[in-house]
There are 2 protein chains.
Amino acid sequence: MELGERKQRILSAVIDVFIRTGEPVGSKALVGLLENSVSSATIRNDMAELAAMGYLEQPHTSAGRIPTAAAFRLYIDRLMKRNELSDEDRRGIDGILTHAADDPEKLIGKASQALAEETGCVAVTTTPTGKTADIRMIDVLRVSPHSAALLLMSGSGLLRTRVCRFDREVGDKTLEMLSQHLNQSFCGCSLSEIGLPQIQSMVVSLGEHGLLCAPALNAFYQLVQESAEAEVSLTGQLNLLHHPDYDHERARDLLSFLARRELLTSLLTAMPKGLRVVIGSESHRPELDGSSIIVTRYNLGGGPDGSIGIIGPLRMNYATAIPRIEYFARSIGKILDEIMGENNARNTDEE
Amino acid sequence: MELGERKQRILSAVIDVFIRTGEPVGSKALVGLLENSVSSATIRNDMAELAAMGYLEQPHTSAGRIPTAAAFRLYIDRLMKRNELSDEDRRGIDGILTHAADDPEKLIGKASQALAEETGCVAVTTTPTGKTADIRMIDVLRVSPHSAALLLMSGSGLLRTRVCRFDREVGDKTLEMLSQHLNQSFCGCSLSEIGLPQIQSMVVSLGEHGLLCAPALNAFYQLVQESAEAEVSLTGQLNLLHHPDYDHERARDLLSFLARRELLTSLLTAMPKGLRVVIGSESHRPELDGSSIIVTRYNLGGGPDGSIGIIGPLRMNYATAIPRIEYFARSIGKILDEIMGENNARNTDEE
DNA sequence: CGTTAGCACTCTGGCTTGTCGAGTGCTAAC
DNA sequence: GTTAGCACTCGACAAGCCAGAGTGCTAACG
């Protein structure tokens, strides 16, 4: 069902005003805002029809109208004019990212922080990892006579360490042997390939050292598990507490939901590629009613990638937030590729 | 000025009830609770005097009394009966800590989480580091043709890594040389000794590789800085949002304050050794009015140590929280010593 | 037929009012 | 020093009221 041109303009205007003020908008307020303005009565008629079509609703009889989730959907897909970033904005972001940008984790942390600050929402990121990432190297470092640290570097540029304790003192040779075996067996493997059986077979191949090294192998297994699944991190939760749309309960409930990382992970990893906007109840999660999620992927040259996005109130400023998130994702992908030295025809000559 | 024995009992009872209910407590409510009960009129008289002495105050004329900060101070220092942990509690904590206890960071994370959950407050911990910690080892790991990761292990058992990018490709020899020089120069040094001058002099001693390695040295410097200062982490912020004593504003303000880590760090590091309770305004931070902090240090055998504690409403359950925190601190210290292999006459034969 | 002006209607939010109950302070008796 | 009794104060809560905003409908207009 096609919407008349004026109705589209009215709906757009309602959404714009609502995003700005957060209050139901009445017919009179729109009179001054439309291009070829018509009288408030006409607008009322159109609004009544828009309400009948499910795009507007009124909290109570004599209040203005507020846009429904369907209206936001239409707005984002068709009506909205993207508010592209100014050169200044870009420079600002570039500055933030290139400043402490050598380290992947730092980079993503900074990006998350900046995004949260600029949008006033909660920023959500996942580490650049995935089942497809492979193991680049493994190292074993002595910590004390009877404990050592394992280090794992994955193809996505992440380093993870973990200390383990042996049942008795271990010699340098044992550690060295352990390191060699681990590297031989697992270097180049994708993280998802490695399961308990493979690791248990190491106990055998290590011969006399096998049993002694069991704690280390156990730690290694945990390390692999940990690296294989995307690690979600949130920034700017405080922003929610400052936002007028979130009262105590709503903020608490949303944050409680976000604290359950496993739910969030599954939500994010289930997203198809490209930029996605999930509006309120579209996620079928009651906790997300009244909130929107905008996420996209940042791609490394190869397989592994991660997500970056924001979570905030339904009436967030999509027009500026969306281009901003896209820019962040592109920049992160580019910088990570540079760090990791992927040779995929990107100009790495900048700076 | 000494308090009469009955007044002490009355004050204790008021505090106990207030901690339980959070509401002003009246004279009648106390009649049934005191040992050698007296009439409500007598209690009223005593309460009036306690109010005059600054231990009680009433929100308005015809409400019950609530304890002042001074009352809590007295309560904690003299009146309170510590509610020692049951064997079961201890076993529970031991189980949590020994379960994933090989890794120092994991250990402290788990402890923090458990403490937050058990007390319903925000748990605060600092990593076991300090100016006095020394550098145990440094490693340089190749990440890509033109980037590498630096790894630093400090005497407190913490591993920190950071990736850095070189201006052009670097050979294995260069990295190896860098690693050797860094270890020779800085292994065994305390973290606080290392400043920019020492690192800059490395550029010279590295000879032809000096300039190429500048980014790595810069990253190393940042790594040292980072490891030198205690890293504060909070767990269970959501608890505040569930607590009836914190409405939207109070929760927001407290969390905003806690988010400013530098303030928190200075607050924690300024604490003298031993267990401390800071009640509301005693910290001279307006944001902490109405909240209390309980912290203590956990000590490693050697110099470095960290803090663990909780932050919550004034009317928290001090009698059970304090022994609990002490137990956590002792356990963490013991386990870390075991991991790090300090030989200080502790029985490491458990389990 | 689409647009406009006018009007009666509805509903919310804020304000005032009145009542209830908890708790106190004081006084006088024990 | 302790207790009983009583008048008083104050906040919480419900009920009632008013003003304002915004609508839906109808009738007139081009």
Side-chain angles (χ1 to χ4, degrees), chain A residues 1-11 13-18 20-68 71 244-245 247, chain B residues 2-11 13-18 20-68 71 244-245 247-248:
Chain A
M1 169 176 43
E2 210 41 59
L3 237 50
E5 190 267 345
R6 192 182 60 206
K7 287 211 183 67
Q8 287 189 13
R9 273 183 16 231
I10 289 178
L11 187 54
V14 170
I15 295 176
D16 282 340
V17 174
F18 180 72
R20 222 161 350 102
T21 67
E23 268 159 30
V25 4
S27 51
K28 273 185 196 152
L30 292 181
V31 174
L33 289 168
L34 293 175
E35 296 274 310
N36 293 331
S37 196
V38 289
S39 80
S40 70
T42 309
I43 295 176
R44 271 206 293 285
N45 287 333
D46 284 355
M47 283 170 81
E49 282 185 58
L50 285 168
M53 293 159 91
Y55 290 122
L56 294 178
E57 61 187 4
Q58 40 194 158
H60 54 266
T61 317
S62 81
R65 302 298 217 292
I66 58 175
T68 62
D245 280 15
D247 59 14
Chain B
E2 210 41 57
L3 237 49
E5 191 267 345
R6 192 180 62 204
K7 287 209 183 67
Q8 287 189 12
R9 268 175 30 222
I10 290 178
L11 186 55
V14 170
I15 295 176
D16 281 340
V17 175
F18 181 73
R20 222 159 353 100
T21 68
E23 267 158 31
V25 4
S27 51
K28 272 186 198 154
L30 292 181
V31 175
L33 289 167
L34 292 176
E35 296 275 310
N36 294 332
S37 196
V38 288
S39 82
S40 69
T42 310
I43 295 177
R44 272 205 292 285
N45 286 335
D46 283 355
M47 281 169 85
E49 281 185 56
L50 285 167
M53 293 160 94
Y55 290 123
L56 295 177
E57 62 188 3
Q58 42 195 152
H60 53 266
T61 318
S62 80
R65 303 299 218 291
I66 58 175
T68 62
D245 280 14
D247 61 12
H248 198 65

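Just so it is clear: chains get the letters A, B, ... in the order the sequence lines come, proteins before strands, and each one is counted from 1.
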| task | Please report the C-alpha distance between B/T42 and B/R6 in whole Å, then the side-chain angles of each, then the deciding distance to 0.1 Å, and finally whether the side-chain contact (heavy atoms from CB on, under 4.5 Å) criterion is met. | result | CA-CA 10 Å; B/T42 310; B/R6 192 180 62 204; 3.6 Å; yes
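With a 4.5 Å cut-off on side-chain heavy atoms, B/L30 and B/M47 count as touching. In this structure the side chain of A/V17 reaches within 4.5 angstrom of the side chain of A/R20, judged on heavy atoms.
Mapping B/S39 and B/T61 onto DNA chain D by nearest heavy atom places B/S39 at the nucleotide closer to the 5' end. Ranked by how close their nearest DNA chain D nucleotide is to the 5' end, A/A63 and B/V38 are led by B/V38.
The stretch residues 41-51 of chain B comes close to DNA chain C through B/R44, B/M47, each having a heavy atom under 4.0 Å from the strand.
When heavy atoms are screened at a 4.0 angstrom cut-off, A/S40 is found touching no nucleic acid atom at all.
You'll find a donor-acceptor pair under 3.5 Å spanning the side chain of B/S62 and the base of D/dT9, going by distance alone.
Per the geometry, CD1 belonging to B/I66 stands 16 Å off C1' belonging to C/dA22, to the nearest Å. One atom, CZ of B/R65, and another, P of D/dC10, lie 14 Å apart when rounded to the nearest Å. Per the geometry, CG belonging to A/L34 stands 13 Å off P belonging to C/dT3, to the nearest Å. Across the protein-nucleic acid pair, A/F18 atom CZ and D/dG22 atom P stand 14 Å apart, rounded to whole Å. The distance from atom NE2 of B/H60 to atom C1' of D/dC10 is 6 Å, rounded to the nearest whole Å. A/E23 places its CD atom 14 Å from the C1' atom of D/dG20, with the value rounded to the nearest Å. If you take CD of A/E57 and P of D/dG22, they are 17 Å apart, rounded to a whole angstrom.
Look at D/dT9: its Watson-Crick or wobble partner, with both distances under 3.5 angstrom, is C/dA22. For C/dC30, the paired nucleotide is D/dG1, the pair qualifying as Watson-Crick or G-U wobble because both relevant distances are below 3.5 Å. Judged by Watson-Crick or G-U wobble contacts below 3.5 Å, the nucleotide C/dA5 has D/dT26 as its partner.
A close approach under 4.0 Å does occur between a side-chain nitrogen or oxygen of B/Q58 and OP1 or OP2 of C/dG25. The shortest distance between the side-chain N/O atoms of B/R6 and the OP1/OP2 oxygens of D/dG1 is not below 4.0 Å.
Proximity of a side-chain donor or acceptor of A/S27 to a complementary backbone N or O of A/I43 within less than 3.5 Å is not detected.
A/I10 contributes atom CD1, which lies 9.5 Å from atom CD of A/E5 (distance to the nearest 0.5 angstrom). B/T68 OG1 to B/L56 CG: the interatomic distance, rounded to the nearest 0.5 Å, is 7.0 Å. Between B/I15 atom CD1 and B/L11 atom CG the span is 4.0 Å, to the nearest 0.5 Å.
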